[in-house]
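So that the names make sense, note that chain A is the first sequence line, chain B the second, and so on, each numbered from 1.
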2 protein chains.
Amino acid sequence: MANISEIARLAGVSVTTVSRVLNNYKYVSETKRSKVQKVIEELNYTPNKNAIDLIRGETKMIGVIIPYNNNQAFDQMLHGILNQSTVYNYSVTVLPTKYDNKKEMEYLTMLKNKFLDSLIITSRSNDWEKIVPYTKYGSIISCEYTTAEEVGCAYIDRYASYVDTFQMLKKKGYTNIAITTARANESLSTRQTIQAYHKVIGKLPPHLHISGCYRLEDGYRAAHEFLQLNDRPHAIYANGDEVAGGIYNYAQSVGVKIPDELAIVGQENQPIGIALDLSTVNHRLMKVGEQAFQLAIQKSQAKVNVPYEIIQRSSI
Amino acid sequence: MANISEIARLAGVSVTTVSRVLNNYKYVSETKRSKVQKVIEELNYTPNKNAIDLIRGETKMIGVIIPYNNNQAFDQMLHGILNQSTVYNYSVTVLPTKYDNKKEMEYLTMLKNKFLDSLIITSRSNDWEKIVPYTKYGSIISCEYTTAEEVGCAYIDRYASYVDTFQMLKKKGYTNIAITTARANESLSTRQTIQAYHKVIGKLPPHLHISGCYRLEDGYRAAHEFLQLNDRPHAIYANGDEVAGGIYNYAQSVGVKIPDELAIVGQENQPIGIALDLSTVNHRLMKVGEQAFQLAIQKSQAKVNVPYEIIQRSSI
DNA sequence: CTGAAAGCGCTAACAG
DNA sequence: CTGTTAGCGCTTTCAG
């Protein structure tokens with residue numbers, strides 16, 4: 001394909017001049033400018049992005065690390081990022097890790113090899129000490145709070161949100177409260193959920209916690225297990241609305257009345273929760289994504305707190 | 001940051017040798033190889049991807065055009081693509097158009113400027129004549145059927161699926177059938193839905209078609225309108241399970257019995273439909289995405305049909 | 001206002 | 001097995 005020197009030759013000018021009209025420089029005579037433009041049109045020429053990125057040392061490309069690429073929560077953050085990216089003319093590449101440490105490090109390398117200008121981490125598996133050194137190569141933004149000062153964050157105060165939720169449940173008179181989580185103790189959110197439980201309710205009996213919950217079927221499974229306990233829970237705080245929906249469905253199928261016999265609270269205010277009229281905690285993940293994007297392009301190290309909201313519906 | 005010639009200098013070899021160890025060439029003496037590797041470690045060196053892409057003329061980057069970045073259907077295809085991309089070591093960049101013709105053309109240019117190796121189009125707004133010329137610069141794969149032979153397709157036979165659905169509805173005895181769609185006549189699926197309706201049911205009265213339906217609230221709105229008609233529909237074929245869920249919810253809220261007074265069929269077999277036990281047509285969009293990815297990396301122009309499946313639940 | 005020339009960081013003939 | 005050299009396609013001094 002045609003390149004800049006061919007354009008220059010055909011237009012009878014230097015490559016510099018061509019580069020100048022390409023980049024809308026002022027000091028180019030109208031004669032030459034139009035001549036160059038004409039040749040560009042004729043040859044249907046488009047400058048090579050790789051060459052430009054190489055020389056500029058900048059790509060306008062931002063990477064988004066997500067553990068799972070089919071999870072409502074991470075999708076929401078991704079959508080927030082995508083919304084902003086189009087208005088600021090950035091490209092976004094999606095980097096799924098499945099919480100594989102090595103994969104995650106490969107993605108961090110993309111910052112170092114100049115492929116990415118910045119990286120947004122929605123959830124990570126490597127320790128921060130492993131990640132922080134890469135801030136030298138580009139800005140890194142986290143969607144979970146971290147004390148690492150080189151890393152900007154757009155975060156929700158999950159601990160506070162969990163405390164609030166348990167307090168609400170307690171105030172409503174629910175005593176035997178169960179929880180579901182995605183990953184087990186390797187996950188910060190899970191640890192925070194349990195901490196909040198300790199603080200508000202007391203010790204969490206192991207049989208009232210089921211992890212490995214991601215989607216509807218997991219909710220079914222969890223409800224099935226919870227409901228066959230001798231002292232079955234009066235309320236379940238699920239780690240997402242889809243899981244909560246599964247719990248609801250299972251409970252219905254075995255004739256357990258919601259909320260009289262079982263209260264349910266989900267998270268993230270998803271359509272399924274709206275449809276089933278489930279109470280939920282909206283962590284405004286899309287807003288988190290939008291904020292993260294802003295921090296990324298500003299190469300900011302600020303810690304921005306995104307407020308959450310408890311939405312009460314009839315499942316409680 | 002360090003570059004290849006610095007490594008060469010420090011290791012006391014030529015850049016070629018460094019390049020060779022970087023790319024695992026055979027003919028490098030163990031002595032030099034380890035020496036080079038040592039320097040690379042010491043300097044914490046990573047080769048610049050832009051330089052490599054520039055010289056290779058290939059980026060292992062594939063773009064995915066989606067109209068909306070928060071739509072269940074397009075998300076599913078994206079997830080299929082993402083699933084494959086990690087196993088084949090490709091990167092994926094998401095390109096949201098909002099059906100803006102100009103934006104879409106900008107994305108096509110990314111093929112031409114060597115940023116993208118190939119492009120998957122989940123839904124387009126420009127005419128194929130505008131798009132096809134870009135196949136010269138990289139492979140273009142469509143997730144909707146097209147006769148353009150330069151373009152590979154991973155598609156579902158939507159027309160057949162719509163015909164099947166209407167026939168099922170007819171056989172069940174439903175007579176007054178309404179539909180919802182996303183875009184109006186500018187969309188191929190909408191036109192195909194209407195065609196299928198014509199074929200199976202007959203002329204589609206305008207008041208039995210509501211477009212602009214994307215999510216739960218739109219389903220509410222549509223149901224509200226449909227149910228206040230004098231001859232209100234006995235069945236609604238919605239263009240997605242979320243919309244179907246909204247219809248269901250609204251019907252429930254006004255005491256309309258499902259399916260006795262109103263039958264509902266959705267599309268895409270989403271969690272919300274499972275939870276509400278809504279019948280649906282599963283177009284296996286994730287599989288479509290996976291297929292599209294395969295065609296993309298094989299630069300294939302094949303037309304691959306992905307079979308759909310009608311799932312009957314209690315809403316019909 | 002214009003152009004020559006020196007790179008950006010890497011790969012790949014080609015000639016040993 | 002190794003190094004020299006010529007690019008990939010563009011931007012940007014620098015000197016007119």
Side-chain angles (χ1 to χ4, degrees), chain A residues 1-40 43-61 109-117 137-138, chain B residues 1-40 43-61 109-117 137-138:
Chain A
M1 233 204 41
N3 62 20
I4 199 172
S5 42
E6 188 171 354
I7 304 294
R9 188 170 51 74
L10 262 40
V13 300
S14 72
V15 293
T16 314
T17 301
V18 177
S19 175
R20 280 183 183 122
V21 349
L22 250 21
N23 295 288
N24 292 313
Y25 262 66
K26 322 184 193 180
Y27 306 119
V28 180
S29 66
E30 209 30 68
T31 341
K32 300 212 171 184
R33 181 183 298 274
S34 62
K35 188 147 195 179
V36 168
Q37 227 122 33
K38 188 159 150 275
V39 177
I40 287 177
L43 295 204
N44 189 19
Y45 163 80
T46 303
N48 181 309
K49 183 170 190 299
N50 294 127
I52 296 173
D53 288 349
L54 169 60
I55 203 161
R56 287 216 214 282
E58 189 187 288
T59 57
K60 287 263 215 173
M61 176 89 215
T109 307
M110 292 178 148
L111 227 37
K112 193 174 166 194
N113 73 18
K114 300 262 107 194
F115 177 59
L116 256 33
D117 283 358
Y137 310 113
Chain B
M1 231 204 40
N3 61 20
I4 200 172
S5 42
E6 188 171 353
I7 305 295
R9 188 169 52 75
L10 261 40
V13 300
S14 73
V15 292
T16 314
T17 300
V18 177
S19 174
R20 282 183 182 123
V21 350
L22 249 21
N23 296 288
N24 292 312
Y25 261 65
K26 323 184 193 182
Y27 307 119
V28 181
S29 67
E30 212 27 70
T31 341
K32 300 212 170 182
R33 183 184 298 275
S34 63
K35 188 147 196 179
V36 168
Q37 228 121 33
K38 188 159 152 275
V39 178
I40 287 177
L43 294 204
N44 189 18
Y45 164 79
T46 303
N48 181 308
K49 183 171 191 299
N50 293 129
I52 297 173
D53 288 348
L54 169 59
I55 203 163
R56 286 216 213 283
E58 190 186 287
T59 55
K60 287 264 216 171
M61 178 89 215
T109 307
M110 292 178 147
L111 227 38
K112 192 172 166 195
N113 72 19
K114 301 263 105 194
F115 178 59
L116 255 33
D117 283 358
Y137 310 112

- According to a strict under-4.0 Å criterion, is Lys32(B) in side-chain N/O contact with OP1 or OP2 of dG3(D)? yes
- Query: Where the side chain of Thr17(B) is concerned, which of dG3(C), dT11(D), dT2(D) is the nearest nucleotide?
  - Reply: dT2(D)
- Task: Taking only the side-chain heavy atoms of Tyr25(B) (C-beta and beyond), determine which of dA12(C), dG9(C), dG3(D) contains the nearest atom.
- Result: dA12(C)
- Item | d(CD1, Ile7(B); P, dG9(C)) in whole Å | 12 Å
- Nearest to the side chain of Arg20(A) - dC10(D), dT13(D), dC10(C)? dT13(D)
- Message: Is it the case that atom NZ in Lys35(B) sees more than 12 heavy atoms from other parts of the structure closer than 6.0 Å?
- Response: no
- Item | Interatomic distance, Tyr27(A) OH vs dC14(D) C1' [rounded to whole Å] | 17 Å
- Note on the structure: Side-chain contact check for Asn3(B): nearest option of dG9(D), dT11(C), dG9(C) is dG9(C)
- Query: For dC10(D), does OP1 or OP2 lie under 4.0 Å from any side-chain N or O of Tyr45(A)?
  - Reply: yes
- Do we see a donor-acceptor contact under 3.5 Å between the side chains of Thr59(A) and Asp117(A)? yes
- Note on the structure: To the nearest angstrom, the NZ-C1' distance between Lys112(B) and dC10(D) comes to 16 Å
- Item | Phosphate-side-chain proximity, Asn48(B) and dG9(C), N/O vs OP1/OP2 below 4.0 Å | no
- Check whether any side-chain N or O of Asn23(B) sits under 4.0 Å from OP1 or OP2 of dT11(C), and answer yes or no. yes
- Note on the structure: Rounded to whole Å, CD1 of Ile4(A) lies from C1' of dT12(D) at a distance of 11 Å
- Query: From dT11(C), dT2(D), dT11(D), pick the nucleotide closest to the side chain of Val15(A)?
  - Reply: dT11(D)
- Going by atom types only, do Lys112(A) and Asn44(B) share a side-chain donor-acceptor pair under 3.5 Å? yes
- If we only count heavy atoms from C-beta on, is the Asn48(A) to Asn113(B) side-chain gap below 4.5 Å? no
- Task: Please report, rounded to the nearest Å, how far the C1' atom of dC10(C) is from the CG atom of Leu54(A).
- Result: 8 Å
- Task: Could you check how far CD1 of Ile52(B) sits from C1' of dC8(C), rounded to whole Å?
- Result: 13 Å
- Message: Using OP1 and OP2 only, check whether a side-chain N or O of Ser19(B) sits under 4.0 Å from dT11(C).
- Response: yes
- Message: At 4.0 Å (heavy atoms only), tell me whether Val13(B) reaches a base, stays on the sugar-phosphate, or touches nothing.
- Response: sugar-phosphate
- Item | Ser29(A), nearest nucleotide to its side chain (from dC8(D), dT12(D), dC1(C)) | dC1(C)
- Let me know, please, whether Lys26(B) or Ile55(A) comes out on the 5' side of the other along DNA chain D by nearest nucleotide. Lys26(B)
- Before giving the answer on side chain to side chain donor-acceptor pair (under 3.5 Å), spell out for Thr17(A) and Ser14(A) the whole-Å C-alpha distance, their side-chain angles and the decisive distance to 0.1 Å. CA-CA 5 Å; Thr17(A) 301; Ser14(A) 72; 3.3 Å; yes
- Whole Å only: how far is the CG atom of Leu22(B) from the P atom of dA12(C)? 12 Å
- More than 12 heavy atoms of other residues, nucleotides or ligands under 6.0 Å from NZ of Lys114(B): is that the case? no
- Query: Which nucleotide in the set dT4(D), dG3(C), dT2(C) lies at the smallest distance from any side-chain heavy atom of Thr16(B)?
  - Reply: dT4(D)
- In whole angstrom, give the distance that lies between atom CG of Asn50(B) and atom P of dT11(D). 14 Å
